Amino acid sequence: MFIKKITKTNKFISTRQRRAVALFIITGLLLSAVFSIFSNPIPIETPEILLLTSIFSIINFKAKTKITTLQKLTVLYLASICLNQTALKYFSFKLADFEITIPAVLLTLFLFAIAFILRKTKHNVTPLEPDNKLPTCALTLAFAIIICHSVLLYPMLKTFYGYGYEYSFKSIVNILLFLSICCFLWPELEKTKIRQCLGFLFIIYFLTFAITKRIL
Amino acid sequence: MKNISKQKNNFLTNSQDSRLPKAALMLASAAIILSAFHFFPYENNKFTRMANLSTIAIIIGSLLLLSASSRKTYRKKIKNLLPHISVFAYLLINLLSSAFAFSFTRALSFNAKLILFFLAAYLLFNLAISTEHSLKFIFGAAITAAVISTSACLLSRFALNIERFGFHQSPYKYATYTAPLIALSSSYLLLKTDKKQKLLAILLIIAAFISAGSIGLPLAIIAGLTATFILTNKKSAKKTIIITLTIGIATVLLSNPTSKSSPFKDCSLHELDNKNLKQRYIEWQAEINLLQKRTASGSAAGCINDYRSKFYYRLPKLNTLKTFDQNGWLTVAAETGILGLFSFCWLFCHHFKTAVKNIKNNLSPKTKSYAISCLSALIALAVANLFSSIQFNGILIVFVLIIALIKSSNRLFNEVPKC
């Protein structure tokens with residue numbers, strides 16, 4: 001009886017926690033979506049493709065594993081596109097004599113981080129299957145390529161033109177932001193409901209893009 | 001110890017089923033050997049550049065696979081030969097990135113090429129390699145292609161005095177095509193006991209060093225053969241590698257540095273005026289700059305030229321950029337965004353791990369030579385990709401061949417055959 005009670009409590013915590021995680025992530029992406037609809041730094045020439053893939057991401061397939069991983073990757077890609085729209089927008093405010101500028105994407109990332117911490121602190125969260133773990137060696141290689149090239153280019157550009165690191169440094173910081181997105185979002189996409197909720201959000205988002213593009 | 005030579009694949013359970021792998025083996029070998037001729041004889045025709053002889057062989061093979069897949073028994077077998085999820089992930093990101101293409105048709109044709117090679121050619125190669133004998137046959141085809149390409153280059157550059165690299169017009173394309181093939185075939189031949197085969201390997205390596213027009217070719221061969229040197233236990237092979245590489249490096253160092261197609265010019269930091277930075281490095285910077293604004297989307301698959309010039313920030317003073325003088329890794333990142341680069345790295349990492357696993361699991365020295373040469377070729381491919389792109393038309397086949405060889409040798413030597 002006592003054991004049953006504990007299991008029930010754990011189950012309750014797990015459901016509540018799952019909802020909280022989903023809420024944080026969806027709020028974050030919703031904020032980015034609203035931002036990017038008003039400011040459109042990257043032109044999406046054919047939003048219909050992204051609309052179709054958003055529909056693909058919400059389908060429940062009987063055969064899992066490979067297709068599910070591709071669906072997760074699709075949602076991750078669409079979320080990255082959505083966040084990329086806000087990556088070049090900044091909040092600036094004055095604190096004493098200093099003007100502080102924060103990239104808008106950090107706000108979304110902050111909500112992702114809360115969701116990630118919430119998920120990690122509880123013991124009753126099921127661990128990821130080895131097949132569904134984000135291949136860390138590939139991520140490391142991808143970032144090593146960009147960082148090594150930037151470091152290599154710095155002395156060359158500095159010697160020949162007197163400038164070097166400014167642009168590369170911005171690019172590296174931006175890429176690191178996207179690394180965080182991959183790390184925060186990938187484990188959450190394990191849950192089908194979160195993936196489907198995000199899929200619906202992207203359907204609305206890219207449908208808006210497709211319609212407004214036609215009007216313009 | 002496993003008796004690997006007697007091990008048979010599921011396809012060879014009866015004589016009727018063995019027809020498809022045999023036909024696949026013929027078409028795959030033809031595609032590999034014909035790829036050495038690049039776009040010959042219709043280099044200036046856009047249509048024949050897309051549908052060159054090698055691609056035609058793959059198209060015929062894919063039609064054969066399509067007709068075979070209508071049968072239920074084959075459908076299941078073909079399904080088992082599909083590439084790893086990382087390949088599908090890479091294709092998916094490429095397809096999605098076409099939403100951002102300035103020229104949709106260009107992105108579409110690039111994606112069609114990727115799908116044809118990563119799915120149709122991969123399946124054809126995988127289907128062709130059903131026994132150790134057929135694996136040996138495919139290695140033979142790769143050696144033939146390497147010999148044709150290198151000897152044609154030597155002939156055109158030194159006997160006919162033509163400013164081209166055999167069947168390839170660009171030194172970068174020649175380097176990216178030849179380097180992995182040379183690493184694959186020379187590693188395989190050097191690990192053999194036959195002296196004639198060893199001599200062929202030595203000649204191939206030296207010929208490649210002499211004919212190099214881009215620094216990518218010698219560097220990729222050195223990287224590939226260093227891997228073979230580390231992984232093999234054969235002392236004679238180690239000695240031969242050291243001697244051959246020393247001769248090769250000496251030939252490059254002794255070559256005329258003022259010659260138009262000297263590899264020295266390719267790796268120098270500055271232009272001929274000694275004032276300006278070589279445009280290759282400005283291009284690299286532009287590709288990284290592009291990632292700041294288009295981190296997620298990129299410029300769309302195959303469409304880097306539509307956007308690259310907008311991201312120079314300081315225009316190159318001397319426009320000396322030769323065609324195909326790119327960096328494959330950065331091009332993937334700039335074209336398909338950070339997730340595209342991630343999936344491309346995933347593809348590489350997965351096949352690298354599989355190749356290492358093949359070497360670890362292979363107890364027989366005979367089968368180990370296949371595994372070592374595949375890893376050596378993959379490393380050479382990764383290095384060659386720094387100085388050009390392995391995704392160009394006519395070169396992509398080598399990349400697909402190497403990943404198919406790694407996967408099929410893993411299937412042949414590590415998996416227990418089903419009864």
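Note that the structure is predicted; figures quoted are calculated from it, not measured. In what follows, every chain begins at residue 1, and chains take the letters A, B, ... in the order their sequences are listed.
Distance check: A:E45 CD to B:S297 OG gives 10.5 Å after rounding to the nearest 0.5 Å. For the atom pair OG1 (A:T46) and CZ (B:F100), the distance works out to 9.0 Å, reported to the nearest 0.5 Å. Going from atom CD of B:Q285 over to atom CG of A:L152 covers 11.0 Å, rounded to the nearest 0.5 Å.
Residues of residues 105-113 of chain B having a heavy atom under 4.5 Å from any heavy atom of chain A: none. At a heavy-atom cut-off of under 4.5 Å, chain B is reached by A:L73, A:T74, A:L76, A:Y77, A:S80, A:I81 from residues 73-83 of chain A, listed in order of number.
At least one side-chain heavy atom of B:C349 sits under 4.5 Å from a side-chain heavy atom of A:L141. Between A:L139 and B:W346 the shortest side-chain heavy-atom distance does not fall below 4.5 Å.
A:I42 approaches B:K293 most closely through the heavy-atom pair CD1-O, 3.7 Å. Across every non-hydrogen atom of B:L341 and A:A142, the tightest pair is CD2-O, 3.4 Å. For B:A296 against A:N84, the heavy-atom pair with the smallest separation is N-OD1, 2.5 Å. Closest heavy-atom contact between A:K66 and B:P83: NZ-O, 3.5 Å. Closest non-hydrogen pair, B:I288 versus A:I146, comes out as CD1-O, 4.3 Å. Between A:S171 and B:Q292 the shortest heavy-atom distance is OG-CB, 3.6 Å.
Between chain A and the options B:T295, B:L95, B:L291, the largest number of non-hydrogen pairs under 4.5 Å is found for B:T295.
Within the 4.5 angstrom heavy-atom criterion, no atom of B:L347 approaches chain A. Contact of B:S97 with chain A is made through backbone and side chain together, with heavy-atom distances under 4.5 Å. If you measure heavy-atom distances from B:A89 to chain A, the contacts under 4.5 Å come from both the backbone and the side chain. With a threshold of 4.5 angstrom between heavy atoms, A:L70 approaches chain B through its backbone and through its side chain. For B:L339, the part lying under 4.5 angstrom from a heavy atom of chain A is the side chain only. Heavy atoms closer than 4.5 Å to chain A are found in the side chain of B:L92, but not in its backbone. For a residue to count as touching a neighbouring chain, one of its non-hydrogen atoms must lie under 4.5 Å from one of that chain's; by this rule B:F104 touches chain A with the side chain only. Interface residue B:S98: backbone and side-chain heavy atoms are both found under 4.5 Å from chain A.
Applying the side-chain hydrogen bond (donor to acceptor under 3.5 Å, both in side chains) test to residues at least two apart or on different chains, the pairs with a partner in residues 146-155 of chain A are A:H149-B:N327.
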Can you give each donor-acceptor pair under 3.5 Å made by side-chain atoms of residues 176-183 of chain A, sequence neighbours left out, with the distance rounded to 0.1 Å?
from   : atom 1 : to     : atom 2 : distance (Å)
A:S180 : OG     : A:L176 : O      : 2.9
A:S180 : OG     : A:L177 : O      : 3.3

